[in-house]
Trainee: 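Have a look at the structure that comes next, please.
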Amino acid sequence: MVAKNLVCAIILLLLVSLGQAEAALNAHYYDQTCPQAEKIILDAVRNASMHDPKVPARILRMFFHDCFIRGCDASVLLDSTPQNKAEKDGPPNISVRSFYVIDDAKAELEKACPHTVSCADIIAIASRDVVTMSGGPYWNVLKGRKDGRVSKASETRSLPAPTFNVTQLIQSFAQRGLGVQDLVALSGGHTLGFSHCSSFEARLRNFSSLLDIDPSMDLDFAEKLRSKCPKPNKDRNAGQFLDSTSSAFDNNYYKQLTVGKGVFGSDQSLFGDFRTKWIVESFAIDQGLFFKEFVNSMVKLGNVGIIENGEVRLKCGVVN
Ligand code: HEM
Ligand SMILES: *[C@@H]1O[C@H](CO)[C@@H](O)[C@H](O)[C@H]1NC(C)=O
Ligand SMILES: *[C@@H]1O[C@H](CO)[C@@H](O)[C@H](O)[C@H]1NC(C)=O
Ligand SMILES: *[C@@H]1O[C@H](CO)[C@@H](O)[C@H](O)[C@H]1NC(C)=O
Ligand SMILES: *[C@@H]1O[C@H](CO)[C@@H](O)[C@H](O)[C@H]1NC(C)=O
């Protein structure tokens, strides 16, 4: 009995201290210490996107990956060391993917207000900027994240896979405190960007012992994707844009799901399950609603796993 009470007390104490370790983010965090922070970041993102139209999608995806692994702590930006293989070099190989944009913004920020703006906040702000820049909504980004000191390639395995069904997707989001509505709204990030064949080609040939093509896919669309991803495939860069208006942030992604033209099985499954189908339909007919919910969910995503005992890195690729 005493032992049981003791265990309860310890658990309670742990919960309380965990609650305190979670720092509250704030829209005005840099108002005094670095008022020009957001302008410096916007300039870096805008300049890079002008030179390379792939930048916006890559930055948005970076934010998702960062927050889903160890919380939004810029672990995604740390470089591997001889002792440690970092997330960057983990299985969904995202090396060489526009990390330089965040590094460049950081270098400018260090000149303007040294040792003040965390790399995790730069990713969050840059993600908002790429959405707005692509025709999507604007919102105030909450700030005050600290950068973590750990990044492990093995942990990228905990990211949801493009082969997941709705049950698996819901579970993956729930583990980060995100709900079904967040899952559907944030999947709208696939209104931007591109996928390599490897992420969806299992849907195109020998899908199952009975069916050649994933039955949830439109047949003409499957034909088109097959021609983009021939077998054998000599082009490692071959693939498909995730939505037919891939550089515009709009609700076209949801419209495509309603006609079987989602690129990933995970995307298409959102239209095949009663828990998510109605949300997909509501976003497909109402872009304003999608924008509103996307903003809500991005703010929630930006709150995942905020750490207080982190640091403000001087360079985003290495711990201080
Ligand atoms: C719901 C679970 C998700 C799965 C299974 C998933 C999976 C993937 C995969 C497999 C790719 C293509 C990688 C490649 O072959 O190059 C991709 C790309 C992308 N994802 Fe997701 N993703 C998910 C959620 C998200 C979220 C929440 C966001 C942001 C809000 C996001 C933003 C992006 C973007 C912008 C791209 C394009 C990247 C580029 O063009 O380089 N994804 N995703
Ligand atoms: C703009 O981007 C280009 C290409 O990434 C880079 O070479 C240049 O230094 C950038 N200029 C500024 C002012 O950031
Ligand atoms: C991942 O990307 C890096 C850099 O482009 C490359 O050297 C490495 O071979 C890639 N690994 C895999 C498994 O594709
Ligand atoms: C989703 O996938 C899991 C794991 O493969 C499987 O156990 C489950 O039955 C699937 N659920 C649905 C609704 O398809
Ligand atoms: C489909 O699978 C069968 C048996 O595994 C194999 O013999 C055949 O070559 C495959 N077809 C394609 C198009 O990959």
Trainee: Kindly state whether the ring of Y30 and the ring of H28 have centres lying under 6.0 angstrom apart.
Mentor: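 That pair fails the under 6.0 Å test.
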
Trainee: Give me the one residue out of R149, E87, R313 that meets side-chain contact (heavy atoms from CB on, under 4.5 Å) with L78.
Mentor: R313

Trainee: Measure the spacing between OG of S297 and CG of L186 and express it to the nearest 0.5 Å.
Mentor: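 Atom-to-atom, S297:OG and L186:CG are 4.5 Å apart.
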
Trainee: I need the M62 CE to I102 CD1 distance, nearest 0.5 Å.
Mentor: 5.0 Å

Trainee: Work out which heavy atom in S247 is nearest to a heavy atom in S134; give both atom names and the distance.
Mentor: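 So the two residues come closest at O-CB, 3.6 Å.
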
Trainee: Under a 4.0 Å N-O cut-off, is there an ion pair linking K39 with D43?
Mentor: yes

Trainee: If you look at every heavy atom in F221 and G262, which pair is closest and at what distance?
Mentor: CE2-O, 3.8 Å

Trainee: Where do S158 and R176 land on the side-chain contact (heavy atoms from CB on, under 4.5 Å) test, with the steps shown first?
Mentor: CA-CA 11 Å; S158 71; R176 280 94 176 171; 3.4 Å; yes

Trainee: So with a 6.0 Å cut-off around CZ of R275, is the heavy-atom count from everything else above 12?
Mentor: yes

Trainee: For A284 and N251, which heavy atoms make the closest approach, and how far apart are they?
Mentor: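 The answer is O-ND2, 3.1 Å.
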
Trainee: Shared ILVMFWY cluster between F99 and L109, side chains joined below 4.5 angstrom?
Mentor: yes

Trainee: If every non-hydrogen atom of C229 is compared with every non-hydrogen atom of R205, which pair is closest and at what distance?
Mentor: O-NH2, 2.9 Å

Trainee: Check the hydrophobic clustering (I, L, V, M, F, W, Y; side-chain heavy atoms under 4.5 Å; chains of links allowed) and say if V263 and F194 are grouped together.
Mentor: no

Trainee: Is a side-chain donor or acceptor of Q287 paired with a backbone partner of D250 at a separation under 3.5 angstrom?
Mentor: no

Trainee: Of the non-hydrogen atoms in S49 and V45, which two are nearest, and what is the gap between them?
Mentor: OG-O, 2.7 Å

Trainee: Does any non-hydrogen side-chain atom of S98 lie less than 4.5 Å from one of K54?
Mentor: no

Trainee: Are the side chain of D273 and the backbone N or O of L270 linked by a donor-acceptor pair below 3.5 Å?
Mentor: no

Trainee: Spell out, as yes or no, whether a donor-acceptor pair under 3.5 Å connects the side chain of T116 to the backbone of T33.
Mentor: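 Flag not set: sc T116 to bb T33 has no pair under 3.5 Å.
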
Trainee: May I ask you to test the S246-L192 pair for a side-chain heavy-atom distance under 4.5 Å?
Mentor: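 Sidechains of L192 and S246: no contact.
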
Trainee: Any side-chain heavy atom of L204 within less than 4.5 Å of one from E201?
Mentor: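 With C-beta onward as the side chain, the pair touches.
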
Trainee: Is F164 close to F264 at the side-chain level, that is, under 4.5 Å between some pair of heavy atoms?
Mentor: no

Trainee: For a quick check under 3.5 Å, do S269 and N165 share a side-chain donor-acceptor pair by atom type?
Mentor: no

Trainee: Does the pair M133 and L42 meet the rule for a side-chain contact (heavy atoms from CB on, under 4.5 Å), with working shown?
Mentor: CA-CA 10 Å; M133 210 184 283; L42 176 60; 4.1 Å; yes

Trainee: Looking at every heavy atom in both V184 and Y254, which two are closest together, and how far apart are they?
Mentor: O-OH, 2.6 Å

Trainee: If Ile, Leu, Val, Met, Phe, Trp and Tyr residues are connected whenever their side-chain heavy atoms lie under 4.5 Å apart, and connections chain through other members, are L242 and L159 in the same group?
Mentor: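 No; L159 is not reachable from L242 via cluster members.
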
Trainee: Counting only heavy atoms not in K228 (residues, nucleotides, ligands), do more than 12 fall under 6.0 Å from its NZ?
Mentor: yes

Trainee: Assigning hydrophobic clusters by single linkage (Ile, Leu, Val, Met, Phe, Trp, Tyr; side-chain heavy-atom cutoff under 4.5 Å), is L60 placed with I41?
Mentor: yes

Trainee: Applying ring pair (Phe, Tyr, Trp, His ring centres under 6.0 Å), run through Y253 and F290 and close with a yes or a no.
Mentor: CA-CA 11 Å; Y253 162 83; F290 163 50; 8.0 Å; no

Trainee: Does F241 CZ have over 12 foreign heavy atoms under 6.0 Å away?
Mentor: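 Atom CZ in F241 is not crowded, with 12 or fewer foreign heavy atoms closer than 6.0 Å.
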
Trainee: Quick one: do S216 and Q268 satisfy side chain to side chain donor-acceptor pair (under 3.5 Å)? Show the steps, please.
Mentor: CA-CA 7 Å; S216 68; Q268 195 57 52; 5.4 Å; no

Trainee: Donor-acceptor pair, S187 side chain versus L183 backbone, under 3.5 Å?
Mentor: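 Confirmed, S187 side chain pairs with L183 backbone.
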
Trainee: Any salt bridge linking E110 with K315? Criterion: basic side-chain nitrogen under 4.0 Å from a carboxylate oxygen.
Mentor: no

Trainee: Whether E308 and K146 form a salt bridge (side-chain N of Lys/Arg under 4.0 Å from carboxylate O of Asp/Glu) is what I want to check.
Mentor: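 Salt bridge: no.
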
Trainee: Look only at the side chain of S227 and the backbone of K224, and say whether a donor-acceptor pair between them is shorter than 3.5 Å.
Mentor: yes

Trainee: List the steps and the verdict of side-chain contact (heavy atoms from CB on, under 4.5 Å) for V299 and L142.
Mentor: CA-CA 7 Å; V299 173; L142 302 182; 4.0 Å; yes

Trainee: Would you call D121 and K143 a salt bridge, taking side-chain N to carboxylate O under 4.0 Å as the test?
Mentor: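 Answer for the salt bridge query: no.
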
Trainee: Would a distance-only check, ignoring hydrogens and angles, find a side-chain to backbone donor-acceptor pair under 3.5 Å from D66 to S75?
Mentor: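 Yes: the side chain of D66 pairs with the backbone of S75.
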
Trainee: Between T163 and R203, is a side chain to side chain donor-acceptor pair (under 3.5 Å) present by the stated rule, with each step listed?
Mentor: CA-CA 9 Å; T163 50; R203 305 180 68 202; over 6 Å; no

Trainee: To the nearest 0.5 Å, tell me how far L77 CG sits from D147 CG.
Mentor: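 Nearest 0.5 Å value for the CG-CG distance: 8.0 Å.
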
Trainee: To the nearest 0.5 Å, what is the distance between CG on D218 and CD1 on I213?
Mentor: 9.5 Å

Trainee: I would like to know whether F283 and F291 meet side-chain contact (heavy atoms from CB on, under 4.5 Å); could you show each step before the answer?
Mentor: CA-CA 9 Å; F283 291 164; F291 281 9; over 6 Å; no

Trainee: Quick test of your reading of the model: are D286 and K292 salt-bridged, counting only N-O distances below 4.0 Å?
Mentor: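 Result for this pair is no, no salt bridge flagged.
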
Trainee: Under 3.5 Å, is there a donor-acceptor pair between the side chain of R145 and the main chain of S118?
Mentor: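 Absent.
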
Trainee: Transitively linked via ILVMFWY side-chain contacts under 4.5 Å: L257 with I170?
Mentor: yes

Trainee: For F173 and F68, I'd like to know if the aromatic rings sit close, meaning centre-to-centre distance below 6.0 Å.
Mentor: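 That pair passes the under 6.0 Å test.
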
Trainee: Report yes or no: does T81 contribute a side-chain atom to a donor-acceptor pair with the main-chain N or O of N84 at less than 3.5 Å?
Mentor: yes

Trainee: Nearest 0.5 Å please: distance from the CG atom of D267 over to the CZ atom of F271.
Mentor: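 Reported to 0.5 Å precision, the distance equals 13.5 Å.
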
Trainee: Return the CG to CD distance between N252 and Q256, rounded to the nearest 0.5 Å.
Mentor: 5.0 Å

Trainee: Look at the side chain of N320 and the backbone N and O of L314, then say whether any donor-acceptor pair between them is shorter than 3.5 Å.
Mentor: yes

